[in-house]
Student: 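Sharing a structure with you now.
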Amino acid sequence: MTGADFIIVCAGISGILVAVGVTFSFIRLARGPSIPDRVVALDMMTVAIVAICGIASIISRQEAYLDVALVLALVGFLANVALARYAERRRIRRDQAGAPTEEVQE
């Protein structure tokens, strides 16, 4: 087995493991139970998809996937900031209305 073959095998295994991570993140995104949990799951999915783009770049030996990964990382960061601002505004409105706050489940 040459070095190039070894890298391809490792990239394939990494792709499978990252896909499992995306699956678990999607489950957390769907089940919740709170908005911060969903925001973290969405951020984790974005990072995992960026990793998939990197792995695809290694397997196909094309740098174009790295450009896609960079743009996706920037969009994911902006989405994460926007969702955090939304959650914060929702909390402030709830506090002003006098409604009980969500308890953190452990």
Side-chain angles (χ1 to χ4, degrees):
M1 176 180 281
T2 65
D5 293 337
F6 181 73
I7 289 176
I8 296 297
V9 169
C10 289
I13 293 169
S14 300
I16 292 169
L17 293 175
V18 170
V20 169
V22 169
T23 304
F24 287 136
S25 296
F26 184 76
I27 292 169
R28 174 51 62 195
L29 182 68
R31 294 183 74 193
S34 65
I35 290 179
D37 288 331
R38 290 186 169 120
V39 169
V40 170
L42 185 63
D43 189 42
M44 184 176 163
M45 283 179 66
T46 303
V47 170
I49 293 170
V50 168
I52 288 174
C53 290
I55 292 168
S57 175
I58 291 171
I59 291 174
S60 67
R61 296 180 181 161
Q62 292 184 0
E63 294 86 16
Y65 290 113
L66 296 178
D67 295 336
V68 172
L70 180 65
V71 170
L72 183 60
L74 291 173
V75 170
F77 171 74
L78 293 175
N80 196 13
V81 169
L83 288 171
R85 286 181 57 101
Y86 168 74
E88 181 67 19
R89 286 186 182 179
R90 184 175 176 194
R91 186 189 61 82
I92 290 171
R93 281 191 211 141
R94 186 175 304 154
D95 290 347
Q96 289 174 351
T101 58
E102 291 182 18
E103 293 294 322
V104 177
Q105 295 179 358
E106 296 183 25

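Numbering of residues begins at 1 and proceeds along the displayed sequence.
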Student: When hydrophobic residues are tied together by side-chain contacts of less than 4.5 Å, even through go-betweens, does Val39 share a cluster with Met45?
Tutor: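 Per the 4.5 Å side-chain linkage, Val39 and Met45 are co-clustered.
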Student: Does CD in Glu88 sit with more than 12 non-hydrogen atoms of other residues, nucleotides or ligands closer than 6.0 Å?
Tutor: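 Count over threshold, so yes.
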Student: With the 4.5 Å side-chain cut-off for hydrophobic clustering, are Leu29 and Val22 part of the same group?
Tutor: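 The answer is yes; both residues are in one hydrophobic cluster.
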Student: Would you say Phe26 ends up clustered with Val18 if hydrophobic residues are merged whenever their side chains have heavy atoms under 4.5 Å apart, either directly or through other cluster members?
Tutor: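 Hydrophobic grouping puts Val18 with Phe26.
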Student: Give me the atom names and distance for the closest heavy-atom approach of Ser60 to Tyr65.
Tutor: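 Nearest heavy atoms, Ser60 then Tyr65: OG-CE1, 3.1 Å.
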Student: State the CZ-CG distance between Arg90 and Leu83, to the nearest 0.5 angstrom.
Tutor: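 Reported value, rounded in 0.5 Å steps: 12.0 Å.
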Student: Supply the atom-to-atom distance Leu17 CG to Ile55 CD1, rounded to the nearest 0.5 angstrom.
Tutor: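 Separation between the atoms: 8.5 Å.
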Student: For a 4.5 angstrom cut-off between non-hydrogen side-chain atoms, does Val9 reach Ile13?
Tutor: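 Side-chain contact under 4.5 Å: yes.
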Student: Minimum heavy-atom separation for Arg38 to Ala30, with atom names?
Tutor: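 So the minimum-distance heavy-atom pair works out to NH2-O, 3.5 Å.
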Student: With rounding to the nearest 0.5 angstrom, report the CD1 to CD1 distance, Ile59 to Ile7.
Tutor: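 CD1 of Ile7 is found 11.5 Å from CD1 of Ile59.
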Student: Cluster question for you: counting only ILVMFWY and a side-chain heavy-atom cut-off of under 4.5 Å, with indirect links fine, are Leu74 and Phe77 together?
Tutor: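 Per the 4.5 Å side-chain linkage, Leu74 and Phe77 are not co-clustered.
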Student: Determine whether a donor-acceptor pair (N or O, by modelled atom type, separation under 3.5 Å) exists between the side chain of Ser57 and the backbone of Cys53.
Tutor: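 It does not hold such a pair.
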Student: Hydrophobic clusters here meaning ILVMFWY residues chained together by side-chain heavy-atom distances under 4.5 Å, can you tell me if Ile52 and Leu42 are in one?
Tutor: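 Per the 4.5 Å side-chain linkage, Ile52 and Leu42 are co-clustered.
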Student: Ile49 vs Leu72, test: side-chain contact (heavy atoms from CB on, under 4.5 Å). Steps then yes/no.
Tutor: CA-CA 8 Å; Ile49 293 170; Leu72 183 60; 3.2 Å; yes
Student: Atom OG1 in Thr23, atom CZ in Arg28: separation rounded to 0.5 Å?
Tutor: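 Here the interatomic distance stands at 14.5 Å.
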